[in-house]
Amino acid sequence: MQPLEPIPRRARIALGILFFVLFVGAWAIATLGGFVSPTFLADPVTMVKDGVYLLTEQGFLADIGVTVWRVVGGFVMAAAVAVPLGIAMGAYKPVEALLEPFVSFARYLPASAFVPLLILWAGIGELQKLLVIFIGSVFQIVLMVAVAVAATRRDLVEAAYTLGADDAGVVRRVLIPANAPDIAEILRLVLGWAWTYVIVAELIGASSGIGYMIINSQALMATGQIIFGIIVIGLIGLVSDFAFKWLNRRLFAWRLA
Amino acid sequence: MNELEISEVSRVFPGAGGRPPVVALQPTTLKVARNDFVTILGPSGCGKSTLLRIVAGLDKPTTGAVIAGGREVTGPGVDRGMVFQSYTLFPWLTVRENIAFGLREKRLGEKEKWEIVDDFVEKVGLRGFEAHWPKQLSGGMQQRTAIARALANDPRVLLLDEPFGALDNQTRALMQELLLGIWEREQKTVLFVTHDIEEAVFMASRVVTMTARPGRIKSVTPVDLPHPRHYTVKASPEFSALRLKLTEEIRSEALAAAAEG
Ligand SMILES: Nc1ncnc2c1ncn2[C@@H]1O[C@H](COP(=O)(O)OP(=O)(O)OP(=O)(O)O)[C@@H](O)[C@H]1O
Ligand SMILES: [Mg+2]
């Protein structure tokens, strides 16, 4: 195989699907072949049956909706705070000097460890769930955006100055558009992480959501339901990832041109 | 009146990590009259870019000062347009939007702005490429856009730092004629850095040569070839004589630079 040589689109899609098939195949052999006890791991058929049961009888769609809304809500809050802050940090060195050490420290605070504390502060309502995701995402976004903005090509900034841009103009007309694709990419990445925080938030003190269903199913030893829940999360992640990529390609066509 | 007065400008870069400071430019004095076309010729590393950046206001001189249009330069300004050695078009803007960048800062009316832009698109021969992004252009087209972008702002002084340095010989020759043609028609004060002797002579009213690093001005040679200049002038005996003179001057500097490593 030749390194970095692209392959045809159809081959790429076929190979991508192939691995999913292999994965499910291995799973089916392990479970249906009797190599693994159903107590620990449900087989694919049971999983699908459990899934249908969840969707039709247990109102699982509502749980999915609640979880999606929590992720999106917490994430949008985080992005709304973090993106402007990250741009300010990347653009202005005093702001960076002020915030960078703290943000670097806060970034390592595990969002999941905040769950008990947040329950004390905000109860077990929606706000607490949103805050877990907010805390988990906000510092990551700030830092990554700041790094991207700080690495803007200096010659472009200088060109803008010689063309008469003032300091605010350089931020608005160079730093932001130059880094918009990177910022979108950062958001895509962190949104993926936000999904792990939401499940953690829902495992404790929740009465709805995918995480809540999973922890409930554990009590019932319903591994099929647990796996179905996990797969649903994976699928939603996959879809949102595709949507993000598609949008980025649309918005930032100049990069690919 | 002199459009540009560079007086005793020098630049020393502080040595990083315990190394000794680097003298990039020795005190340099140069007066440029209005509508003069001065080319600056010198071996690599002699401080040509440093000098141009100081004139543009992108770097501060260690000693001395630059007076542009009667006022001391303290930072970049629209009165001094710059075309860089590297490609510096804004990749997220189309050719047309790139050329309009400075005009938008000037808060011109939309109609007037696009008229000026289209005029310069025409002048640099980019008709049909207005809606292209920089990535879709060849190097020569990118530099033509960069020249149009600088000129559209109508600066008093145009600074060009080896704008054609990365281009092949044919394209380069065409670009020289294009730029010279624009200068002949519009009249503009130009400071043009190059290390190509033929280019320096062909474009200039005066050629300034610089010594090897650390650079200072070695000589100033007037070029009295008539305008409008056609590329055939390069075959004339006057041109050859000038080229030979400058080649000898630069050669000794290049040897000095090579000996120094
Ligand atoms: N920011 C900087 N810090 C330290 N040294 C620098 C800096 N910029 C330039 N120099 C040094 O100053 C000297 C002159 O650099 P300059 O870029 O002006 O040369 P130049 O004549 O434009 O060369 P070229 O023809 O290769 O573009 C070089 O020795 C370079 O190493
Ligand atoms: Mg240079």
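Just the heavy atoms: all of them, side chains too, but no hydrogens, waters or symmetry mates, feed the values below. These numbers were taken from a predicted model, which means no experiment stands behind them.
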Self-check item: For chain B, the option from A:A160, A:A180, A:P181 that forms the most heavy-atom pairs under 4.5 Å
Solution: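 Heavy-atom pairs under 4.5 Å are most numerous for A:A160.
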Practice problem: Could you tell me whether a side-chain N or O of A:R255 sits under 3.5 Å from a main-chain N or O of B:P91, the two making a donor and an acceptor? | Solution: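 Checking the backbone N and O of B:P91 against the side chain of A:R255, no donor-acceptor pair under 3.5 Å is found.
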Exercise. Kindly compute the distance separating OG1 (B:T94) from CH2 (A:W254), expressed to the nearest 0.5 Å.
Key: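 Here the rounded value is 13.0 Å.
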Got a sec: does the [atom1] of [X] have more than 12 other heavy atoms crowding it under 6.0 Å?
X	atom1	value
A:R153	CZ	yes
A:W69	CH2	no
B:F13	CZ	yes

Quiz item: Does any heavy atom of chain B fall under 4.5 Å from the side chain of A:R173, the backbone, both, or neither of them?
Solution: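 Backbone plus side chain of A:R173, per the 4.5 Å heavy-atom cut-off to chain B.
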Self-check item: A:R154 portion near chain B, given a 4.5 angstrom heavy-atom threshold
Solution: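 Looking at A:R154, nothing touches chain B.
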Quiz item: Between B:R80, B:K106, B:R104, which shows the greatest number of heavy-atom pairs under 4.5 Å with chain A?
Solution: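 Winner by heavy-atom pair count: B:R104.
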Self-check item: Between B:A56, B:G102, B:A152, B:G75, the one whose heavy-atom pairs under 4.5 Å with chain A are most numerous
Solution: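 Max contact count across the listed options: B:G102.
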Quiz item: Less than 4.5 Å apart, any side-chain heavy atom of B:F90 and any of A:L163?
Solution: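 Counting from C-beta outward, B:F90 and A:L163 do come under 4.5 Å.
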Exercise. Answer whether the closest heavy-atom distance between the side chains of B:M82 and A:E158 falls below 4.5 Å.
Key: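 The answer is no, as the side chains (C-beta and beyond) never meet within the 4.5 Å cut-off.
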Self-check item: Heavy-atom pair of closest approach, residues A:L156 and B:L89
Solution: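 Heavy atoms of A:L156 and B:L89 come nearest at CD2-O, 3.5 Å.
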Self-check item: Minimum heavy-atom distance A:G164-B:V78, with the two atoms named
Solution: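 Closest pair (atom of A:G164, atom of B:V78, distance): CA-CG1, 3.4 Å.
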Exercise. Walk me through it: do B:W92 and A:I176 pass the test side-chain contact (heavy atoms from CB on, under 4.5 Å)?
Key: CA-CA 11 Å; B:W92 57 93; A:I176 292 176; over 6 Å; no
Quiz item: With a 4.5 angstrom heavy-atom cut-off, which part of B:F84 approaches chain A: side chain, backbone, both or neither?
Solution: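 Looking at B:F84, just its side chain touches chain A.
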Self-check item: Residue B:R149 versus chain A: region with a heavy atom under 4.5 Å
Solution: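 Backbone plus side chain of B:R149, per the 4.5 Å heavy-atom cut-off to chain A.
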Practice problem: State whether a side-chain donor-acceptor pair under 3.5 Å links B:S86 with A:D155. | Solution: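 A:D155 and B:S86 do have a side-chain donor-acceptor pair below 3.5 Å.
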